[in-house]
Each structure stands twice: as C-alpha cells, then as structure tokens.
Amino acid sequence: MSDTSTGNDHHHAPGGYGAISKRLVLTVFFSLLVPIILVVSLVMSATADRKPVPSKADLEIAMAARLQKVGSIQLGEASHELKTGEQVFQVRCSACHGTGAAGSPKFGDAAAWGPRIKSPFESLLNSALKGKGNMSPQGGGDLSDLEIARGVVYMANAGGGKFPEPKVPAAADAAAKK
Ligand code: HEC
C-alpha cells in the first residue's frame with residue numbers, strides 16, 4: 001500500500017478566471033431573478049387578498065365584541081345593584097351604538113333614531129333582548145331584562161324619544177338582580 005499518487009501539484013487558485021466569470025453570470029442571473037420573484041409574489045398576494053374579504057360590518061362587530069370585553073372587565077364587578085341606563089349603555093351598547101358601527105343607529109343621532117322611536121317601546125325592547133340584524137341578543141351580554149330596558153330608554157331618549165324610565169317592580173326586582 002504505497003502512496004504513489006502525489007503527482008497532483010497543479011495549484012488551482014480557488015477563484016480562477018473561469019470561476020470569476022461563472023460567478024458573474026450567477027450574480028447577473030440572480031439580480032434579475034430576485035426582482036422577478038418579488039414582483040410575481042406581490043402580484044399573487046394582491047390578487048389572493050381579493051377573495052374572502054370580510055364585510056365592513058363583520059369587522060366592526062368583531063371589533064365591538066373586543067371593546068365590549070374590556071368594558072365589562074372594568075365595570076362588571078362594580079356592584080350587584082342594577083345598572084342605570086347610562087351604565088348599561090357604556091358597558092353593553094356603546095361599542096356599536098357609540099359610533100354607529102355595524103349599521104346601528106348612533107347614540108344621540110335623532111335622524112337615525114327618529115323612525116325607530118315611532119315603534120312602541122315593547123318592540124324596541126324586544127329587538128334589544130332578542131337581537132336584530134347585526135345586533136346580538138342583549139347586545140351580547142348577560143344583563144337583566146330590566147337593565148336592557150333601561151339601556152333602550154337611555155338611548156332612545158337621547159335620540160329624541162320620550163319613553164319613561166322603566167320602573168323596578170317590587171317582586172321582579174330580586175329576580176332581575178340574580
Ligand atoms: C354588535 C353591535 C351592537 C350592540 C353591542 C348593540 N346594538 Fe343595538 N343595534 C345594532 C344594530 C346593527 C341595530 C340595527 C338593527 C336593524 O335594524 O337591523 C341596532 C338597533 C337597536 C335598537 C332599535 C331596534 C329596532 O327595533 O329598531 C335598539 C332599541 C337597540 N339597538 C338597543 C341596544 C341596546 C339597549 C344595546 C345594549 C344593551 C345594544 N343595542 C347593543 C347593533 C348593536
């Protein structure tokens with residue numbers, strides 16, 4: 001086992017003339033290729049984006065739901081007293097009605113509330129309790145019916161309504177608090 005193959009003395013520099021021009025070709029190739037890939041992927045992502053765009057109302061509802069959670073953490077544990085209409089509005093309703101999001105009649109906007117407050121109070125309350133259009137039942141919360149009613153009165157009257165503040169029925173009071 002004698003080693004005879006030591007004849008390889010030709011010293012090739014790592015970057016000979018051939019290697020340089022090869023690198024040059026590669027450089028030119030990639031400097032063209034990279035922008036092309038970029039442009040193609042940009043175009044593809046731009047067209048892909050167009051497919052399932054959630055509607056503006058969907059986004060606003062999602063946003064309102066998120067805002068609502070923050071609101072209920074702040075006020076939820078405040079007390080076991082029934083909330084006033086204003087408190088109910090702040091906690092449950094303002095996320096949408098504060099700005100008119102999701103197509104809701106905006107707080108204090110008499111033009112938006114005008115046609116609605118022509119309905120009997122029962123009908124408005126029913127919409128708030130059971131939900132209507134983009135509005136989830138109870139505005140998505142778990143308040144008592146009486147608190148919702150107060151919220152409806154608070155909002156409807158701010159929009160030009162003249163509904164009386166709902167009374168607390170002595171017997172229903174305890175039930176409503178639970
Ligand atoms: C997720 C958003 C959202 C929240 C939260 C919300 N509403 Fe609404 N509300 C709406 C939308 C949207 C409408 C319009 C519904 C329609 O006419 O299709 C509406 C309509 C109403 C109406 C009019 C109903 C009618 O019959 O014309 C009342 C009253 C009302 N809301 C009360 C409330 C009260 C009270 C709360 C809080 C307890 C509340 N809303 C919370 C979105 C919301």
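Counting starts at 1 for both ligands and their atoms, in listed order.
Taking every heavy atom of Ser127 and a limit of under 4.0 angstrom, the matching atoms of ligand 1 come to 24 (C), 25 (C), 26 (O). Atoms of ligand 1 found under 4.0 Å from any heavy atom of Asn134, numbered from 1 in the order shown, are 1 (C), 12 (C). Atoms of ligand 1 found under 4.0 Å from any heavy atom of Ala102 (numbered from 1 in listed order, with element): 12 (C). Set against the non-hydrogen atoms of Cys96, the atoms of ligand 1 under 4.0 Å away are 1 (C), 2 (C), 3 (C), 4 (C), 5 (C), 42 (C), 43 (C). For ligand 1 and Arg92, the ligand atoms under 4.0 Å from any heavy atom of the residue are 5 (C), 37 (C), 38 (C), 41 (C). With ligand atoms numbered from 1 in the order given, ligand 1 contributes 29 (C), 35 (C) to contacts under 4.0 Å with heavy atoms of Val152.
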Stepwise side chain to side chain contact (heavy atoms under 4.5 Å, CB included) test for Ser104 and Asn134: CA-CA 8 Å; Ser104 57; Asn134 284 330; over 6 Å; no
Candidate pair Met135 and Cys96, rule side chain to side chain contact (heavy atoms under 4.5 Å, CB included), full reasoning: CA-CA 9 Å; Met135 175 164 60; Cys96 292; over 6 Å; no
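Of the residues listed (Phe89, Tyr154, Trp113), the one engaging His97 in a ring pair (Phe, Tyr, Trp, His ring centres under 6.0 Å) is Trp113, and it is the only one.
In this structure, Leu24 is not a member of the same hydrophobic cluster as Leu32, with clusters built from ILVMFWY side-chain heavy atoms closer than 4.5 Å. Under a hydrophobic clustering in which Ile, Leu, Val, Met, Phe, Trp and Tyr are joined whenever their side-chain heavy atoms come within less than 4.5 Å, directly or via other members, Leu33 and Leu38 fall into different clusters. Leu82 and Ile148 end up in different hydrophobic clusters when Ile, Leu, Val, Met, Phe, Trp and Tyr side chains are linked at under 4.5 Å. One hydrophobic cluster, built from ILVMFWY side chains closer than 4.5 Å, holds both Ile117 and Leu129.
When atom types are taken as modelled, the side chain of Glu147 and the backbone of Lys83 share a donor-acceptor pair closer than 3.5 angstrom.
Contacts with ligand 1 closer than 4.0 Å are made by no heavy atom of Tyr154, backbone or side chain. Contact annotation: for Cys93 versus ligand 1, heavy atoms closer than 4.0 Å belong to both the backbone and the side chain. At a heavy-atom cutoff of 4.0 Å, ligand 1 is contacted by no atom of Ser119, backbone or side chain.
Residue contacts with ligand 1 include Trp113, since one or more of its heavy atoms lies under 4.0 Å from the ligand.
The NE2 atom of His97, atom 8 (Fe) of ligand 1 and the SD atom of Met135 define an angle of 170° (nearest 10 degrees).
Coordination check, Ser104 versus atom 8 (Fe) of ligand 1: failed, since every N/O/S atom of the residue sits at 2.8 Å or beyond.
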